[in-house]
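Below is one structure, written out as structure tokens; comments come after it.
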2 protein chains.
Amino acid sequence: MTGPVIVSCKRIREVVKLDESAITAVEQAFAKLANGNVIMPPVHQILVDDYHGQTCVKSAYVTGDPYFVSKAASTFHDNGRLGLPKTSGLMLVFDAQTGFVDTILLDDGYLTAMRTAAAGAVSAKWLSRPDADSAAIIGAGKQARLQLEALTLVRDIRFARLWSPTYDNARLAADELSKQLGFTVEAAASPQEAVRGAAIIVTTTPARSPVIMDEWVAQGTHITAMGSDAPGKQELDPALIKRAAPYVCDSREQCRTLGEWHAAIRAGVVSESLEAVEIGEIVAGSRPLARAQDAITVCDLTGLGVQDAEIALLARARA
Amino acid sequence: MTGPVIVSCKRIREVVKLDESAITAVEQAFAKLANGNVIMPPVHQILVDDYHGQTCVKSAYVTGDPYFVSKAASTFHDNGRLGLPKTSGLMLVFDAQTGFVDTILLDDGYLTAMRTAAAGAVSAKWLSRPDADSAAIIGAGKQARLQLEALTLVRDIRFARLWSPTYDNARLAADELSKQLGFTVEAAASPQEAVRGAAIIVTTTPARSPVIMDEWVAQGTHITAMGSDAPGKQELDPALIKRAAPYVCDSREQCRTLGEWHAAIRAGVVSESLEAVEIGEIVAGSRPLARAQDAITVCDLTGLGVQDAEIALLARARA
């Protein structure tokens with residue numbers, strides 16, 4: 001019996017990029033979930049509180065696929081002090097017929113970053129105004145940078161502002177992104193300044209109280225909220241969830257317990273019976289989007305095992 | 001950044017055996033759980049029903065340990081037709097300070113088999129009569145054989161009977177075990193015949209209704225029930241759970257939902273408030289066992305992530 005194929009992070013970075021095929025993989029992940037043929041158990045969380053860390057296992061099996069995937073992803077907040085990235089992890093690809101591990105993708109969190117950024121692109125592609133040409137990015141970390149890059153793949157972005165609690169981080173990220181993307185990215189002094197006039201807002205922070213207030217957001221704006229992936233996290237004023245037309249999420253089940261929706265329920269602003277559309281229902285066409293030009297749309301992304309599964313299978317096929 | 005160390009199954013089999021150190025590792029796992037310093041999230045199950053399989057992720061972090069462990073273990077019932085073992089899997093050892101994967105143990109389910117067999121030895125060591133010299137094994141698979149071998153490490157077993165639904169399987173296993181262990185192991189024609197006069201009964205089947213009836217079991221017997229590791233599984237007459245003095249389990253929380261206790265609750269024979277002792281409480285000394293010579297003791301083992309963690313750390317240290 002031969003053991004699993006082991007694929008290095010270097011190889012994975014060579015074969016999977018933030019590009020059209022990554023976006024398509026994540027789009028398909030959402031559509032498959034909407035079509036109801038995905039087995040996706042609840043997230044398995046190992047809380048390592050004494051080191052301010054946690055490791056989450058997310059898994060998904062698209063019934064009929066030859067493989068299923070389980071991912072272990074760690075976020076350890078003190079790693080910076082050790083000169084290490086906060087995030088790490090790997091993905092296991094199983095043979096669906098035998099349960100044997102077929103491939104180990106030593107992606108070190110890279111594929112998670114890719115599928116998360118690609119989800120931001122999917123969100124903007126389907127929900128933002130086609131003429132959206134400006135963006136506000138809240139956060140200055142790796143994912144914040146990827147989110148802006150992802151937007152450029154689906155919209156003709158000409159200008160962006162970026163805000164981070166530490167102004168120097170925002171300036172550094174803005175300078176680097178200006179060079180990388182070939183348009184002006186400015187550091188903003190406040191979240192309010194960042195979002196002024198932006199057609200698309202992307203929030204990527206681990207905030208636990210609203211960073212973006214309802215009254216700052218003009219009609220016609222699309223918001224992608226990426227940060228809320230655990231109970232207690234929140235980036236948006238709950239009034240924005242109520243105001244959104246429509247409020248879209250990656251998974252109703254998960255967003256009722258982890259996402260901005262959960263925070264808005266807790267705040268008493270909306271209920272569990274809020275009419276929420278899943279992004280996959282829009283992609284799959286079962287609930288086509290009728291977006292008014294001056295509507296505010298919100299996409300609440302908490303991160304799903306099926307996204308990991310689809311990006312892992314892309315990596316496996318190419319590695 | 002260097003990647004994880006990858007340890008082959010061959011190497012793991014060389015360094016971890018069913019012996020005193022494996023028993024001690026599992027004993028310590030139970031004791032640590034009883035002492036309350038183990039973080040062990042609920043089992044994460046990926047049900048692959050169209051191939052009659054499931055993959056379970058079990059994880060545990062003993063607070064203060066330098067590592068924590070997550071295991072993926074598959075059981076696919078049709079693998080025999082493909083000439084493959086039903087069970088497979090691997091274990092991930094994480095650095096507790098950084099969340100990085102430190103070691104991948106490609107054990108192919110071997111360490112799970114070892115920790116499960118060792119748990120049977122721990123059960124018999126603490127709960128059976130010291131003079132127990134005969135055993136009945138229900139089941140003829142790999143784990144059934146290991147369970148009898150495990151008993152010989154803690155009791156002076158002189159005679160055993162083995163029953164399996166397929167008599168030929170029982171005879172084959174009995175013949176092989178007789179040679180391997182150096183005492184007579186007979187194939188029994190029925191479970192009732194198997195348990196007659198046995199001081200220790202070990203059940204290792206995937207049964208979904210009682211295999212061992214209350215009236216067959218003589219006073220003074222110890223029973224280890226290993227098979228019930230999922231809702232719906234059951235090997236013992238619920239009356240035995242009520243009759244046990246004491247009823248012992250690996251985890252009250254888990255056995256209320258997966259084990260023989262769960263089956264007995266469902267049957268209406270005992271309640272959720274049954275006085276159950278955890279094997280770790282006996283090992284750790286917080287609830288010392290006062291066993292009457294003629295009592296029936298039952299140990300209900302559903303399998304815990306902390307067992308995987310301790311056996312994985314033994315393998316890591318030696319590999």
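So that the names make sense, note that chain A is the first sequence line, chain B the second, and so on, each numbered from 1.
- Checking B:R13 against B:Y110 by side-chain atom types alone, no donor-acceptor pair falls below 3.5 Å.
- Checking B:D50 against A:Y61 by side-chain atom types alone, a donor-acceptor pair falls below 3.5 Å.
- If you tally non-hydrogen atom pairs under 4.5 Å between each of A:S8, A:P41, A:C9 and chain B, the highest count goes to A:P41.
- Counting heavy-atom pairs closer than 4.5 Å to chain B, the top-ranked of the candidates A:G109, A:S88, A:A73 is A:S88.
- A salt bridge does not link A:E14 with A:R318: none of the charged nitrogens is closer than 4.0 Å to a carboxylate oxygen.
- Salt bridge A:E281/A:R252: present, at least one basic N to carboxylate O contact under 4.0 Å.
- Residues A:Q143 and A:Q147 bring a donor and an acceptor atom of their side chains to less than 3.5 Å of each other.
- Listed options A:N79, A:V48, A:T98 were ranked by heavy-atom pairs under 4.5 angstrom with chain B; first place goes to A:T98.
- With a threshold of 4.5 angstrom between heavy atoms, A:A96 approaches chain B through its backbone and through its side chain.
- Heavy-atom distances place the side chain of A:S70, and not its backbone, under 4.5 Å from chain B.
- Contact annotation for A:T55: only side-chain heavy atoms (C-beta onward) come within less than 4.5 Å of a heavy atom of chain B.
- With a 4.5 angstrom heavy-atom cutoff, B:K10 does not touch chain A via any of its atoms.
- Note: B:V57 leads B:V57, B:L92, B:V101 in heavy-atom pairs under 4.5 Å with chain A.
- There is no side-chain donor-acceptor pair under 3.5 Å between B:E260 and B:Q234.
- Put simply, of A:L47, A:D78, A:T63, A:T87, the one with the most heavy-atom pairs under 4.5 Å next to chain B is A:L47.
- Residue contact with chain B, scored on non-hydrogen atoms closer than 4.5 Å, involves the backbone of A:Q45 exclusively.
- In the model, A:K71 has a side-chain atom that pairs as donor or acceptor with a side-chain atom of A:T112 under 3.5 Å.
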